[in-house]
Amino acid sequence: MSKSTVGAVPDETPAAAPDDQDLGAAGSQLSTAPVETPPNMPMLGVIGWARWFWRQLTSMRVALLLLLLLALGAIPGSLIPQSGQDITKVADFEKNHPTLAPIYDKLGLFNVYGSVWFSAIYILLFISLIGCIVPRTWQFVGQLRGRPPGAPKRLTRLPAYTTWRTEAEPGQVREAALALLKKRRFRAHLAGDAVAAEKGYLREIGNLAFHIALIVMLVAFAWGQLFKSEGNKLLVEGNGFSNTLIAYDDFKSGNLFTADDLTPFSFSLNDFTGTYEISGPNKGTPRTYQAALTYSEGAYGKDRKTLVKVNHPLEIGDSKVYLTAHGYAPVITVKDGKGDVVFSDAVPLLPLDGNVTSTGVVKVLDGYKNAEGVREQLGISAFLLPTYTQGSETASTFPALLNPVLNLTPYYGDLGVDSGIPQSVYQLDKSHMKGFKDSKGQQLRENLKPGETMKLPNGAGSVTYEGTKEWANFQVTQQPGSGWALAGSVTAIFGLAASLFIQRRRVWVRAVKGDDGVTVVEMAGLGRSESAKVPEELGDLAGILYEQAPGAPDPDDDPVDSEAVPDPQVVPAEGPEK
């Protein structure tokens, strides 16, 4: 009866040089990972130290360490206010932490991503990855151009092994094995008296793709930080915007960004629409925020209409226009003591809560004269309730304009805008202002509905609430390299998955004539790491090949039992004793 055998542990120790060297050659180049060598003291001299430093920098151990340091270095950039993102928060931090702020400033923690130490880690990691990948890529290309190594002399020493006797000729067995392995997508060829095959090259491709993707992500991140731009613009319905530096309310950019890098376009806000839940537990929750725009590309582009929604920006060239905020702008008309209109415009107010209770200031800088004809400046504090309900004079009860009421508190005097000190358009400096008094000697304050007018005392003029427009805030971003960063991250995920779940393995099939003239078939498999997949796959291949080259009876078998021949079973062989 034909028999299946399992590789046994030989008596020799691994010091048996010929066989062990042969086994080592069989398992060589299953990975392109650099061979770890014991550290040696570098040669004296500049060249020796340079070589030693380069070997250390391009080692996988140092690359992982630099990657960890980069992740740790990004933590303070997330926890500590950054000057490139919000200079106001940085100023508040310095005011509230007078001891820590100077230390943080010297360490560059207020500008982590532009600091010297973060840039040094970043550049070293970049060089380390390139130094690791380039030689491994050339080595892998050489492996693809070569052929799997020939079979070891003693296949019984491999982790998975099986054998049987057959009456088929050795050449027929080898040809059948070669066809079978190629059908299973092995790279196979005849090497002497055996067929050598290898599979799982996608593992190393995934590994290299993962590391190359990391380099792409690093380059894309650096490129984006150097050439990025981000600006905000508040527009009232009917107003327009042109993509120039002076048109932004605030603007920040990367170190290498110039005004010539701005994408030429313009747009105007035709209408803003906001709808809200009118009942239930989510009453007042926004359902729709959308801005109807008319835009054009370049200086002579045709006008086009579009809708910009939250998380659905308008893309023009390399720029994206996001809708980020919304509020109300009451239209206010101010007349002086002679009845002349000195101010008439929509004044944007800032929302204070989810129901868009809003506050702001109307500043009349020029043209106003009081009843005596003396030039003065007016400052009017405005407080808008989009939905006014009796008994709720301090807050709106719904975000939509269901029953708008505008509370106005006027002042006259010097607004302080000529002092040279910048001030917010949403705040009123009352240090040089006086309040208008009503008939009872109290500060004048009135609630107005659309179309109503507040008379200023002593013939000083009037303030009319004409109606309410809506405003929208747009953020215009230009982030070059974001597409490359996305492609790099997706490639890194798939590359890492391939390197983790695909196993690179080799299979050898040897067929030779035995001493009694019967062909002896040996099959063995070797994987890069210990895995049950190699014995299972080898058993599957052995079963198929056994059907094409069935077992032959042993000389001492009973002829009656010779027809019942079981399929060969593959069991992992024990490794050499150590």
Side-chain angles (χ1 to χ4, degrees), residues 27-36 54-74 119 121-149 181-182 184-188 196-227 479-507 525-534 537:
S28 65
Q29 296 184 347
L30 274 173
S31 170
T32 58
V35 179
E36 294 289 343
W54 177 253
R55 286 198 299 267
Q56 299 302 314
L57 181 61
T58 57
S59 67
M60 191 60 63
R61 185 184 300 106
V62 172
L64 293 175
L65 178 61
L66 290 172
L67 191 61
L68 175 61
L69 290 177
L70 193 71
L72 293 176
S119 300
I121 297 174
Y122 194 91
I123 294 173
L124 287 176
L125 177 60
F126 186 79
I127 297 174
S128 178
L129 287 175
I130 294 178
C132 290
I133 291 173
V134 171
R136 294 186 66 172
T137 301
W138 285 115
Q139 183 180 353
F140 183 65
V141 170
Q143 293 180 19
L144 290 177
R145 296 177 62 183
R147 290 184 172 187
L181 291 170
K182 287 185 176 181
R184 292 296 184 94
R185 298 191 301 276
F186 279 84
R187 294 180 65 226
E198 187 169 1
K199 191 177 184 181
Y201 280 85
L202 284 178
R203 177 189 180 95
E204 196 61 33
I205 292 177
N207 191 10
L208 293 173
F210 170 75
H211 289 87
I212 293 175
L214 287 181
I215 295 179
V216 172
M217 292 171 62
L218 289 175
V219 173
F221 177 78
W223 188 267
Q225 290 297 313
L226 292 173
F227 292 94
Q479 188 82 28
S482 57
W484 285 99
L486 176 61
S489 60
V490 173
T491 303
I493 293 174
F494 283 102
L496 183 61
S499 65
L500 291 177
F501 299 109
I502 297 177
Q503 185 182 17
R504 192 169 172 186
R505 62 269 190 199
R506 289 171 179 162
V507 172
L526 176 65
R528 179 180 174 184
S529 59
E530 294 293 335
S531 173
K533 181 182 292 187
V534 174
E537 186 174 36

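Just so you know, these numbers come straight off a predicted model, no measurement behind them.
In this structure, L496 CG and H211 NE2 are separated by 9.0 Å, a value rounded to the nearest 0.5 Å. Of the inter-residue distances, the one linking L68 atom CG with L125 atom CG reads 11.0 Å to the nearest 0.5 angstrom. Distance CD/Q139 to CG/L208: 9.5 Å, rounded to 0.5 Å. Between the CZ atom of R136 and the OG1 atom of T58 there is a distance of 11.5 Å, given to the nearest 0.5 Å.
For the pair E204/S499, no side-chain contact is recorded, criterion being any heavy-atom separation below 4.5 Å from C-beta on. Using a 4.5 Å cut-off on side-chain heavy atoms (C-beta onward), F140 and N207 make no contact. Looking at I215 and I130, their side chains come closer than 4.5 Å, going by heavy atoms from C-beta outward. Residues E198 and F186 are not in side-chain contact: their nearest non-hydrogen atoms beyond the backbone lie 4.5 Å or more apart. The shortest distance between side-chain heavy atoms of V219 and F126 falls below 4.5 Å. Here the side chains of L129 and C132 are not in contact, with every heavy-atom distance at 4.5 Å or above.
Here the closest non-hydrogen pair linking G488 and V216 is CA-CG1, 4.4 Å. Nearest heavy-atom pair, A220 versus W484, reported as atom, atom and distance to 0.1 Å: CB-CB, 3.9 Å. Taking both residues in full, the closest heavy atoms of L66 and I121 are given as O-CG2, 3.7 Å, listed atom of the first, atom of the second, then distance. In terms of heavy atoms, G206 sits closest to A498 at CA-CB, 4.0 Å. L57 and S128 get closest at one heavy-atom pair: O-OG, 2.6 Å. Residues G146 and R187 share a closest heavy-atom pair of O-NH2, 2.6 Å.
No donor-acceptor distance shorter than 3.5 angstrom exists from the side chain of R504 to the backbone of Y201, with no hydrogens or angles considered. A donor-acceptor pair is defined here as one N or O able to donate and one able to accept, closer than 3.5 Å; no such pair exists between the side chain of R505 and the backbone of K533.
Shown here are the salt bridge (Lys or Arg N to Asp or Glu O under 4.0 Å) partners of R184, two or more places apart in sequence or in another chain: D540.
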Please evaluate residues S489 and M217 with respect to the criterion side-chain contact (heavy atoms from CB on, under 4.5 Å), reporting the C-alpha separation (whole Å), side-chain torsions for both, the decisive distance (0.1 Å), and the verdict.
CA-CA 7 Å; S489 60; M217 292 171 62; 4.2 Å; yes
Apply side-chain contact (heavy atoms from CB on, under 4.5 Å) to the pair I127 and W54, showing each step before the final yes or no.
CA-CA 10 Å; I127 297 174; W54 177 253; 3.7 Å; yes
The test is side-chain contact (heavy atoms from CB on, under 4.5 Å); show your working for I205 and L202 and say whether it passes.
CA-CA 5 Å; I205 292 177; L202 284 178; 4.0 Å; yes
